[in-house]
Amino acid sequence: MKHLALVTLLGFFLYTSLSVQAQHYTPVTVPNGHTLEWRWVKGVKEFHLTVEEIEHEFAPGMKAKCWGYNGSTPGPVIEAIEGDRIRILVTNKLKEPTAVHWHGILLPNGMDGVEGLTQKAIQPGETFSYEFTLKQHGTFMYHSHGDDMVQIGLGAKGFFIVHPKVQTKKIDKDFAIFVDEWYVTPGTFRPDPNKMTDFNIFTFNSKVFPGTDPLVVKTGDKVRIRFADAGQESHPIHLHGYNFKIVATDGGDIPVSAQWPETTVVIFPGQTRDIEFIANAPGDWPLHCHRRHHPMNAMGHDNPNMIGVSQEGLDEKIQKLAPDYMAMGENGMADMAEMSQHMTGPDNTLPMMGADGPFGQIGMGGMFTLLKVRDSVDASSKTSWYHHPKGTVASPVSDHESSL
Amino acid sequence: MHYSRLLLVIVFIIATSLHATPIFDLKTALDIGLSKAPSLQVQAQDLYSKKANYRLSLSQENPSVQASFLPQGSRSKIDLSFDQNLMRWITSPLENEAIDSQLESDSLLYKNAVAQLKVEVKKAFYAIQAAQALLVIQNDYTQAAQTTFELTKRQFEAGNINELQLKTNEVACQEALTMTHEKELSLQIAEWHLQETMGLAPTHTINLVTGTLSETLPQIPSFDELDRLIETQRPDLAALYAQIRAEKAHSLTQEWQNKLGNLKAGIQFEQEVDGTQSLGPKIEFSLPFLNQGQAAFEAHGAVIAYLNSLLITQKHHAQYAIRKCVSQLQYESIEIIRTKTHLIPLHQRINELTQKQYNYMLMGVFSLIQAKQEELKAQETYVQHLASFWNAWAELEGQVGSIPTKGTPQ
Ligand SMILES: [Cu+2]
């Protein structure tokens, strides 16, 4: 009897420690973002989302009236564990009805969140409750499914990440990045949701470089980056310095036998993709969209092509008409990065590109960020530049050397 | 030594004054016009000839003498008479009044011609000022178009645009050149017109540097004031009044003539064959039995009625003419102010904003040039409104004789 009691007690401890073990996951790091708080309510994890108009900063120097959840776009990451019973309260602080769709999650039809089809619309001021049990793990999204074009277009979306009940592999750093595109008329402060093509702002978690937070990891870390796309365009995201494997989609894990090495992952609208790699190469490695106009900020898409066009003698004539005129683009647009630091553009508009780098101007903007891999990580790692071992940086050669 | 130095200074002053750009102002134009305009010369000559004719009509009739010698044998019958027409003496105060009034009327018509000439000179002068300003603006515009084309040519040479794009751009440049030529022609014609109006010989070339159209707009008088000015100042209306007075005096003269017929008085001397002599007074007049001068009287009445209706018509026309002028002036002044305070600053702001767009490569250099061209178009609109204002102002001055308002450029 005594033994039985001891065994029962031991078994109980074992069970509790196991269940604690099951909930032990590496929390997702959201560059420029945050994770949604939750609380236990009678065995149910309860989350609370509020959709509302927010003031969003794309990068210092540009703010816009966007729509988001709990004060941000993308909204906070919902993180839960496979098997959890969850309840999500959604309060509508917009001036029009809404509904929230749990993109990729397997759930009862009535919880799918499609306004008018699977539920009544959440009217302004109303709070709806969604409740279901998580039957899978992976990277998912939540986004508005009422007046989608406008509401998602203005930023009403977020990550929904479900960790496996049993962690089968150790992940040291788990990042989540939303890719998106917008159109904000230069000089205005509200994205135009009517745009179908020809966007002018391309974002990682609704931020443009140099406003994008870098991904800081320690040398040797096992890194996962989750991407999601709720926008209009596909984005081929390329990581420098590494091969990685695409290990999961929002449909589930890709069997190891089916994974192949990649340096670029394309995320199409309505998709999520998880990539994994071991950060064994220290440095400051670009992570960017490979569509050439996407790691750029707003620029004219109908500008005349001035490459190779000498304006000698004509620039003075133009200055008679426009005294502040400076000929640009004759030898390429690289000088733009430097020039934009000195010249003023329209209000609330970011220059096409340009940020200070360790070796000069970085002629980038938009969908561009850095994977900072360091042997030791501290608070300064986010802002400091990589120290290159001696003799490992490309440098000019003398005429003599180049002729050899 | 001192004298030679003074001489040098004088020579220097003369030399500099000869080299200074001659400024041809409105006053000079008016002075030349008043002394040389052919139309005015015609009017003046007409006035002189009319005055001479009036003197002719006033000249007294000489007394007449009739003499007859009728031989009868060795002697003759002699008949001598001396007559003087008396009507002239009776009607001459009336005729004098008629002629004075007629002279006044003619002088007023001359004054009117002077006023109309001034209007024409002013209009021609303002037209030159406008044409000069418009040509300056057009030159800037065309230079911008040429710069644009030059840039596209370099783009073409650099392999950035094709020939179709290049040629399409060249059209705009060619059109701008045409506009410049049009503006040059307008200026040339305006210059010919002023010279013609002033009465200068076509071979006489002067430097018509006229300065710019005044931007200080005079206050537009009220309709009441203008109606009063028409009544009191318009020389052609005053001329009609005087002509009516003349016609009335003519009519009275006619009346007297009808009443008294052809009144003549004189002395008659007769010597019969037998030598008997007689001398006595003589009077002669016609009896108004068959012709009481009704037709002539009516003819004068009809002329007076005609003149009165002409007066009413001209006044009527003038009253509407000033109203049309005033409406035009009000519209032009509103547009002048609006263009100056709104439209042009708007374009200047657009230029600044376009520059900012250019700085961030949101727009290209052509947009920048085009924005400036739009501003030049607004400046052109401004000059056109100014020109229309001063043209209407000259017209209004012509309608009321002159406007006692400060602000008219002289
Ligand atoms: Cu992209």
Side-chain angles (χ1 to χ4, degrees), chain A residues 61-62 184-188 200 293 296-354 363 365, chain B residues 136-162 164-166 168-169 172-173 176 344 347-380:
Chain A
M62 183 181 182
V184 182
T185 304
T188 69
N200 64 359
H293 286 94
M296 288 282 148
N297 295 326
M299 66 167 288
H301 295 183
D302 300 313
N303 284 0
N305 183 358
M306 302 310 282
I307 308 285
V309 181
S310 164
Q311 296 196 27
E312 209 182 319
L314 284 180
D315 45 1
E316 291 146 31
K317 286 185 184 175
I318 300 168
Q319 274 157 10
K320 275 188 202 159
L321 305 164
D324 296 334
Y325 177 75
M326 271 174 77
M328 285 196 283
E330 178 181 335
N331 304 312
M333 294 188 197
D335 48 358
M336 184 59 208
E338 183 70 37
M339 278 175 168
S340 62
Q341 310 289 314
H342 313 297
M343 297 198 289
T344 51
D347 291 344
N348 196 40
T349 302
L350 298 167
M352 185 173 103
M353 57 184 173
Chain B
V136 170
I137 294 168
Q138 185 60 51
N139 278 337
D140 284 350
Y141 184 94
T142 303
Q143 267 177 23
Q146 283 171 321
T147 307
T148 297
F149 176 57
E150 187 56 41
L151 267 175
T152 56
K153 236 161 58 182
R154 293 191 191 183
Q155 275 190 298
F156 175 70
E157 282 155 12
N160 299 5
I161 60 167
N162 60 29
L164 176 61
Q165 291 167 310
L166 177 70
T168 310
N169 268 297
C173 184
I344 292 174
H347 277 288
Q348 285 163 347
R349 181 67 183 145
I350 287 171
N351 288 345
E352 284 170 24
L353 293 169
T354 309
Q355 178 71 52
K356 287 186 175 187
Q357 296 263 335
Y358 174 81
N359 289 348
Y360 273 22
M361 281 197 161
L362 296 161
M363 280 180 167
V365 57
F366 299 122
S367 307
L368 205 55
I369 298 174
Q370 206 181 344
K372 184 64 193 181
Q373 283 181 309
E374 297 296 327
E375 188 202 319
L376 290 169
K377 284 280 162 206
Q379 282 174 1
E380 185 181 274

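Lettering of chains follows the sequences in order, A, B, ..., and the numbering in each one begins at 1.
- Shown here for B/Tyr360 and A/Met343, the closest heavy-atom pair between the two residues is CE1-O, 3.5 Å.
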Decide side-chain contact (heavy atoms from CB on, under 4.5 Å) for B/Tyr358 and A/Met328; before the verdict, give the C-alpha distance in whole Å, the side-chain angles of both, and the deciding distance to 0.1 Å. CA-CA 9 Å; B/Tyr358 174 81; A/Met328 285 196 283; 3.4 Å; yes
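- Separating the CG atom in A/Leu321 from the CG atom in B/Asn351 is a distance of 9.0 Å, to the nearest 0.5 Å.
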Start with the C-alpha gap between B/Leu151 and A/Gln311, add the side-chain angles, then the distance that decides, and say whether side-chain contact (heavy atoms from CB on, under 4.5 Å) holds. CA-CA 7 Å; B/Leu151 267 175; A/Gln311 296 196 27; 3.9 Å; yes
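- A pairwise comparison of heavy atoms in A/Gly308 and B/Ala158 identifies O-CB, 3.4 Å as the closest pair.
- Note: B/Asn359 CG to A/Thr349 OG1 = 12.0 Å, rounded to the nearest 0.5 Å.
- Considering only heavy-atom pairs separated by less than 4.5 Å from chain A, the leading option among B/Leu362, B/Leu368, B/Val365 is B/Leu362.
- Proximity to chain B is limited to the backbone of A/Met326, based on heavy atoms less than 4.5 angstrom apart.
- The distance from atom CD1 of B/Ile161 to atom CG of A/Asn305, rounded to the nearest 0.5 Å, is 10.0 Å.
- Residue contact with chain A, scored on non-hydrogen atoms closer than 4.5 Å, involves the backbone and the side chain of B/Lys356 alike.
- Looking only at heavy-atom pairs under 4.5 Å with chain B, the residue among A/Pro186, A/Ser310, A/Pro351 that has the most is A/Pro351.
- Residue B/Arg154 holds its CZ atom at 7.5 Å from CD of A/Glu312, rounded to the nearest 0.5 Å.
- One distance of note links CE of B/Met361 with CE of A/Met353; it measures 7.0 Å at 0.5 Å rounding.
- Counting heavy-atom neighbours within 6.0 Å of A/Lys320 NZ, excluding the residue itself, gives a total of 12 or less.
- Summarising the geometry, atom CG belonging to A/Asp324 is positioned 5.0 Å from atom CD belonging to B/Gln355; distances are rounded to the nearest 0.5 Å.
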